[in-house]
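These notes are about the structure you will find just below.
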Protein chains: 2
Amino acid sequence: MSRDVTRAAARLPSLPARLPATPPTLADVAERAGVSRQTVSNAINNPDLLRPDTLARVQGAIDELGYSPNRAARNLRTRSSHLVGMRIGPAQEGTANATMDRFVHSLVETTREAGYHVLLFAAEPDDPMTGYDDLLRSTAVDAFVITDTYLGNPQASWLEQRRAPFVAFGRPWDQPEARHPWVDVDGAAGTALATDHLLDKGHTRVAWIGWRKDSRIGEDRRSGWLRAMHGRGLSTTGLASRVEDTVASGRDASAHLLDEAQPSAFVCASDTLAVGVLRTLADRGLVAGRDVAVVGFDDSQVAPLTQPGLTSVRQPLEDVAVEVVKALEGLLGHPPAVGPGVMLTPTLTVRGSS
Amino acid sequence: MSRDVTRAAARLPSLPARLPATPPTLADVAERAGVSRQTVSNAINNPDLLRPDTLARVQGAIDELGYSPNRAARNLRTRSSHLVGMRIGPAQEGTANATMDRFVHSLVETTREAGYHVLLFAAEPDDPMTGYDDLLRSTAVDAFVITDTYLGNPQASWLEQRRAPFVAFGRPWDQPEARHPWVDVDGAAGTALATDHLLDKGHTRVAWIGWRKDSRIGEDRRSGWLRAMHGRGLSTTGLASRVEDTVASGRDASAHLLDEAQPSAFVCASDTLAVGVLRTLADRGLVAGRDVAVVGFDDSQVAPLTQPGLTSVRQPLEDVAVEVVKALEGLLGHPPAVGPGVMLTPTLTVRGSS
DNA sequence: TCGTGGTCTTGGATCGATCAAGACATTCCG
DNA sequence: CGGAATGTCTTGATCGATCCAAGACCACGA
């Protein structure tokens, strides 16, 4: 069975030894260890089935040959790839997908610990679902992680109908009857945290600058500000503004609010808007953090760079990744287990602006 | 051969039809189209071997059944996965890996067009090469894309010794004899572009703020500034500074340079340093772009948000991805073809700061 | 009529790991 | 002491697509 004699040459696993033309197979290891293929397979997948001494012998042969099970063969037999698919959108220049990039890093790290890898794919220009469809039908991935669950949520319901395993980062806003596992960050809790932080510092007129009303996430974040204000019996009339997510909009909105409602602090739905507020303050010779306080959302890369540093609500993306992988393991377990949705609470990164 | 009758139910490909318990196989398509397995295989891999009408019939059956070749089986037989592995580091909060994230997006998009997918993996905490090693030995990926080729470049030489196919984003600084394909962006050309832009505007005393001398990339960028200045017969003595890549360092260095050498413009090795310069200007009541010009590097997310917007050198990451994929296709072709390294020229995104 | 392509079928073997079932020896217990 | 119950290891079949070689069938032109 030894197709290549040189393959048997002793070699330490992590040294940069030249990769043989054809890597060693299970059979090669079996021959070298003087056992059957199945025993080698068991040594890898069910070590406790072997007697300690044979296990050691097989393990030795594996190390000497630098053997690692062929993924394709294993995938074919077990009907699973240990790959998790995740679609990423085009690189938009806005700060929006910076959060997603941070999440990808966390997800890759966490899946590694669980023995999975992340397969990235891009949306086809025409049909947004073809990417999912191809990967599913060719059984290239075991499951998906989807990230943009707002806006009608076509992927979630599509995948659900296909009975494809997936976990969503983002709650099912529109479908309360959704049965898929999801993980999300409580945006309202985040803005409430920010607002309470400001109220604790003595502010009473805390303004809100958020997104258009059709944004579910935006309305959620706004509700946290509302709740915190009303929780202390404070009025919010005239203190809220809903605009586009741009620096210019944040600047205009804050200027307008300062003139009309004299707030002493701002809570914003994004760091982008908060940067707009900082600009207005600079325009008027006001010092952020001393004269007027500002809090942003997402703790983006800009936050520590503003002058003064921008206090911002930070999503616990590492924890999100951990929960997503937990849900994935449940989905792919035997039998599959679908737990309830998981809601995580963000934290507040306090800097000079508040 | 029909293991499941319902599988033959008509179904349009992109509709969210429920995925059958076991996806259709080549044999199922063959039966439905009334041809042999071999013919179906040819329809997919060698369409020109078939008569047009049978090709159409097979294609129809494929569409009706929603068939897609099983990746694992194909990978096993053809010994290739159509996956490209790329390691990503931990999510550092600095702006350094923002460029990498932008590159990942471009790479995913470009590989899609070439029929490949990107497999992300993380570095093991202990041994940085184990990730590569495992994927190689288990033949999980066809090739790698490596991105951090500075600092002794252990991955490149390790992979070369293993005869593993890979393409580097980043030139082989230390190994002129390296034989692997690479793509890089000419940092010196970028800073020269920036410097010339400033000189064209009438500046004669253009200062440089860069990184420590042990950074190859930093010295490369610095050389472009030097070349542009000397190209017009201008002196550079006292106009350069080498510091850490932080806002505070950029601020201190620019303050010092302004005091000692009275430059009217700054070219920086990074946007982070440039933000530091902007801060010094604000400290002294100077207006960036009017009193003193500033140019950064990498066109990061901060650049458009500063006040005024930061002029910055932009790496053509989309083009880099295209060239990387071209090189990959050469490497994986029959026979493998290794072209020369490719050097791309960055562009300058001009904003208010210059 | 015989060859010559073009097109498709047939029956296999193959990739490498895992599953299902069985072989064999040892131990334990009534 | 016989039979069951383990523990340990082996054998043949299997996952689904591709590759290979040989041949069947048809149509066309020489």
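Side-chain atoms are counted along with the backbone in the values below, which use heavy atoms only and exclude waters and symmetry mates. Each chain gets a letter, A, B and so on, in the order the sequences are listed, and its residues count up from 1.
Looking at A:R57, its side chain does come within 3.5 Å of a backbone N or O of A:A33 through a donor-acceptor pair.
If you check distances only, the side chain of B:R51 never reaches the base of C:dG5 with a donor-acceptor pair under 3.5 Å. No donor-acceptor contact under 3.5 Å links the side chain of B:Q38 to the base of C:dC8. With hydrogens and angles ignored, no donor-acceptor pair under 3.5 angstrom links the side chain of B:R79 to the base of C:dG16. One donor-acceptor pair, N or O on each side, does fall under 3.5 Å between the base of C:dT14 and the side chain of B:R77.
Here C:dG16 is the nucleotide among C:dT9, C:dG16, C:dT18 with the atom lying nearest to any side-chain atom of A:L76. In the set D:dC9, C:dA17, C:dT9, C:dA17 carries the atom at the smallest distance from any side-chain atom of A:A73.
Using a cutoff of 4.0 Å between basic side-chain nitrogens and carboxylate oxygens, A:K326 and A:E329 are not scored as salt-bridged.
Between B:T39 and B:T54, every side-chain heavy-atom pair lies at or beyond the 4.5 Å cut-off.
Of all non-hydrogen atoms in B:V167 and B:W182, the two that sit nearest each other are CG1-CA, 4.5 Å.
Nearest-nucleotide positions on DNA chain C place B:V35 closer to the 5' end than the other of A:I44 and B:V35.
The residue B:S41 sits close only to the backbone: its heavy atoms come under 4.0 Å of sugar-phosphate atoms, none of a base.
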